[in-house]
Asks: 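Here you go, one structure.
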Amino acid sequence: MKKIFWAILAVAAITSCHRDPVSTEQGFGRLSVGITPSGDYQTKAGNADVNEFVIDITRPSDGYVKHFDRFGDMPQILELGSGEYTITASSPETKNAAWDLPIYGASTDFSIRVGELTPITMVATLQNMKVSFSLSENFKKELSNYTITVTNASSWDKAVEGENALVWADKAAVDEGKPGYFSVAPLLVKVDGYRNIDGSETHSGLTITSVAPRDHHIIYLDAKVTGSVNGVSLTIDDSVNEKDSDVNVDGWEEVPVDGGGSGSGDDDPDDPSQPDNPPVVSTAPTMTWESNPDFAPVPIENQMNVEILIEAPETVQEFLVTVDSAVLSETIAQMGGHSDYHYSADNPFVMDLINDQALVSALNGMIPVGDQLKDQTQINFSLSQLVPLILVYSPESGSNHIFTLKVTDAKGQSLQKSVTFVAL
């Protein structure tokens, strides 16, 4: 999956337990579907609840169709005649544009043979795109108010708010990073701003044509006084890290202050050595799993390669790992002296790998802890020894064991990713 200053979604397998009697004279198949998105998404909320997924099974050879309104109502062991099939799982609600509506889906082909069990594990991934905004301090200072509109319609005259367009009309919503979700199509973005000092206005637009499922477009907004007649420009960069897409619009003449000088410091717009739109380089933390770039779910084995490279140019200050495991969470808590902790799905155990000295001492040598994390700019974080311990406790087949890594640097920039392991 490509990265633009993009949040990358990790996914995992969750098995729903239903059984019906089966006949050994027919082929029959078994389906499990799972999602464990990282970041702000939760597996138990809204469209990420796999039990609410819509399931369709088709046999192209004769047009046979089997439909389930809810995956939660589908038997885990399902009798099917022999043949070639396609199964599709999708979120129950889909819209072209909406707030808080990640849409997931998966599809795969499979074969049913007489007298054989055909297990199928589907990984449902994000099918739409997420859009949010990042504001520079100059933007906040120069503009007293602003409205941002995004649509995936083919043109602005076809944009309808609530159907294929979203409007960030509330300044607080923009400042707080409220995300919108869009089906995959080129995005049109426009920004209407009003200058703080005199109420004069500016307008800017951008078209984003490089789009794909799971993309997270973080649109960077900047404003500066140039000192020329059209002195304020808005810069929109939809990629921040890797792909620069800038739009410069007419702004306002610089307003002098008492004592002379300009509000833009030493910048001279006529000086060719000073670029109009200097590149924005992100220093936020990143995580890379070379053997599993998409952070897809992996089965638990005695020998595993879970080596995650963490880079934090501003140095790591906090490192938390949330362990959501019915068999391992309490064990780790006890190792760290947290004898009062009891696991539940709503209460996973959080490991503070820098500040919890008892836990640091207990886990040292098994995973990086303490000074191996604190103030570091590059960490080879390994779970290769810790995760196989789950097998010691004979976990339920199909159960998920989720490790959510959250790294925060000295500037307060955080990155969170979920790593999911499935017991076979």
Side-chain angles (χ1 to χ4, degrees), residues 1-12 36-42 126 130-137 175-179 214-222 237-244 279-296 298 305-324 348 350-356 359-360 363 367-384 386-387 402-421:
M1 176 186 165
K2 61 184 178 182
K3 176 181 177 186
I4 306 181
F5 183 66
W6 313 55
I8 301 177
L9 271 141
V11 291
T36 304
S38 65
D40 296 333
Y41 310 117
Q42 301 296 325
L126 192 71
K130 182 180 179 181
V131 174
S132 60
F133 297 90
S134 175
L135 310 181
S136 73
E137 289 303 315
D175 291 342
E176 294 169 5
K178 181 178 181 180
R214 291 196 286 169
D215 283 356
H216 180 187
H217 297 274
I218 299 179
I219 301 173
Y220 182 78
L221 304 178
D222 191 17
D237 175 359
D238 76 318
S239 56
V240 178
N241 274 347
E242 297 182 359
K243 186 178 66 177
D244 296 324
V280 178
V281 179
S282 173
T283 60
T286 62
M287 295 187 195
T288 306
W289 188 355
E290 184 176 354
S291 64
N292 186 9
D294 288 339
F295 282 69
V298 295
N305 177 12
V306 189
E307 308 291 333
I308 300 173
L309 175 63
I310 298 171
E311 296 182 287
E314 302 296 340
T315 72
V316 171
Q317 298 302 305
E318 184 179 64
F319 200 117
L320 305 178
V321 178
T322 300
V323 183
D324 189 352
V350 180
M351 300 192 298
D352 186 337
L353 297 183
I354 292 178
N355 299 307
D356 188 335
L359 194 62
V360 166
L363 295 176
I367 60 174
V369 293
D371 292 340
Q372 299 165 15
L373 306 174
K374 174 77 170 178
D375 295 326
Q376 301 300 312
T377 58
Q378 187 175 89
I379 299 165
N380 290 312
F381 190 76
S382 175
L383 289 171
S384 301
L386 182 60
V387 173
I402 306 168
F403 292 69
T404 301
L405 283 57
K406 183 178 181 181
V407 178
T408 303
D409 66 17
K411 282 190 173 182
Q413 301 175 110
S414 295
L415 175 64
Q416 179 172 302
K417 284 186 180 295
S418 291
V419 185
T420 303
F421 304 95

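Quick note: numbers below take in every heavy atom, side chains included, and nothing from hydrogens, waters or symmetry partners. Note that the coordinates shown come from a computational prediction; the quantities given were computed from them, not determined experimentally.
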Asks: Taking all atoms of both residues into account, what is the closest heavy-atom pair of Thr408 and Ser414, and its distance?
Replies: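 The pair with the smallest heavy-atom distance is OG1-OG, 2.8 Å.
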Asks: Between Val350 and Asp352, is any pair of side-chain heavy atoms under 4.5 Å apart?
Replies: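 Contact flag for Val350/Asp352 side chains = no.
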Asks: Under the rule for side-chain hydrogen bond (donor to acceptor under 3.5 Å, both in side chains), what residues qualify as partners of Asn292, not counting sequence neighbours?
Replies: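 Scan of Asn292 (side-chain hydrogen bond (donor to acceptor under 3.5 Å, both in side chains), adjacent residues dropped) gives none.
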Asks: Atom CE in Met287, atom CD1 in Ile379: separation rounded to 0.5 Å?
Replies: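 With rounding to 0.5 Å, CE (Met287) is 9.0 Å from CD1 (Ile379).
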Asks: Quick one: do Asn305 and Glu290 satisfy side chain to side chain donor-acceptor pair (under 3.5 Å)? Show the steps, please.
Replies: CA-CA 10 Å; Asn305 177 12; Glu290 184 176 354; over 6 Å; no
Asks: Taking the side chain as every heavy atom from C-beta outward, state whether Asp294 and Trp289 have any atom pair closer than 4.5 Å.
Replies: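 Asp294 does not reach Trp289 side chain to side chain.
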Asks: For the atom pair NE2 (His216) and CD1 (Ile219), what is the distance rounded to the nearest 0.5 Å?
Replies: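 One gets 9.0 Å once the value is rounded to the nearest 0.5 Å.
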Asks: Any donor and acceptor pair, going by atom type alone, linking the side chain of Thr283 with main-chain N or O of Pro313 inside 3.5 Å?
Replies: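 No: the side chain of Thr283 does not pair with the backbone of Pro313.
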Asks: Any donor-acceptor pair under 3.5 Å linking the side chain of Gln372 with the backbone of Val369?
Replies: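 Here the side-chain-to-backbone pair exists.
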Asks: Measure across Pro285 and Leu415 and return the closest heavy-atom pair with its distance rounded to 0.1 Å.
Replies: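 Scanning both residues completely, I find the closest heavy atoms to be O-CD2, 3.3 Å.
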Asks: For Ile402 and Ser418, which heavy atoms make the closest approach, and how far apart are they?
Replies: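 Looks like CG2-CB, 4.2 Å.
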Asks: Apply the side-chain contact (heavy atoms from CB on, under 4.5 Å) test between Phe381 and each candidate in Ile310, Leu309, Val407; give the one that qualifies.
Replies: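 Exactly one candidate clears the test, Ile310.
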Asks: Just so I know, are the side chains of Val323 and Pro348 near enough to count as touching, which here means a heavy-atom distance under 4.5 Å?
Replies: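 SC-SC contact between Val323 and Pro348 ruled out.
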Asks: The test is side chain to side chain contact (heavy atoms under 4.5 Å, CB included); show your working for Val321 and Leu353 and say whether it passes.
Replies: CA-CA 7 Å; Val321 178; Leu353 297 183; 3.7 Å; yes
Asks: To the closest 0.5 Å, what do you measure between CG (Asp215) and NZ (Lys130)?
Replies: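 One finds 12.5 Å between CG of Asp215 and NZ of Lys130.
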Asks: Taking the six-membered ring for Trp, are Tyr220 and Phe133 ring centroids under 6.0 Å apart?
Replies: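 No; Phe133 has its ring centre 6.0 Å or more from that of Tyr220.
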Asks: Have Thr315 and Thr377 got a donor and an acceptor in their side chains that come within less than 3.5 Å?
Replies: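 Side chains of Thr315 and Thr377: no pair found under 3.5 Å.
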Asks: Check Asn380, Val419, Thr288 against Ile308 for a side-chain contact (heavy atoms from CB on, under 4.5 Å) and give me the one that passes.
Replies: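 Passing option: Val419.
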Asks: Centre of Phe319's six-membered ring, under 6.0 Å away, within 45 degrees of the axis: is that where NZ or CZ of Lys406 sits?
Replies: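 No - Lys406 does not lie over the ring of Phe319 by the 6.0 Å and 45° rule.
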Asks: Test Phe403 against Val387 for side chain to side chain contact (heavy atoms under 4.5 Å, CB included), laying out the working first.
Replies: CA-CA 9 Å; Phe403 292 69; Val387 173; 4.2 Å; yes
Asks: How many angstroms lie between CG in Leu320 and CG in Asp356, if you round to the nearest 0.5 Å?
Replies: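 Those atoms lie 10.5 Å apart.
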Asks: For Glu314, enumerate each residue passing the salt bridge (charged side-chain N to carboxylate O under 4.0 Å, His left out) test, keeping only those at least two apart in sequence or located in another chain.
Replies: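 Per chain and number, Glu314 pairs via salt bridge (charged side-chain N to carboxylate O under 4.0 Å, His left out) with Lys411.
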Asks: I'd like to check the side-chain hydrogen bond (donor to acceptor under 3.5 Å, both in side chains) partners of Gln378; sequence neighbours left out, ordered by chain and number.
Replies: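 With sequence neighbours excluded, Gln378 shows a side-chain hydrogen bond (donor to acceptor under 3.5 Å, both in side chains) to Glu311, given in chain and number order.
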Asks: Run Asp375 and Val316 through side chain to side chain contact (heavy atoms under 4.5 Å, CB included) and show every step you take.
Replies: CA-CA 5 Å; Asp375 295 326; Val316 171; over 6 Å; no
Asks: Would you say Thr404 and Gln416 are linked by a side-chain donor-acceptor pair, where the criterion is simply a distance under 3.5 Å?
Replies: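 No donor-acceptor contact under 3.5 Å links the two side chains.
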Asks: Does a donor on one side chain and an acceptor on the other come within less than 3.5 Å for Glu318 and Asn355?
Replies: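 Absent: no donor and acceptor within the cut-off.
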Asks: Side chains of Glu307 and Ser382: donor-acceptor distance under 3.5 Å anywhere?
Replies: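 A pair is found: one side chain offers a donor N or O, the other an acceptor, under 3.5 Å apart.
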Asks: So Val360 and Ile354, do their side chains get closer than 4.5 Å, heavy atoms only?
Replies: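 No, their side chains stay 4.5 Å or more apart.
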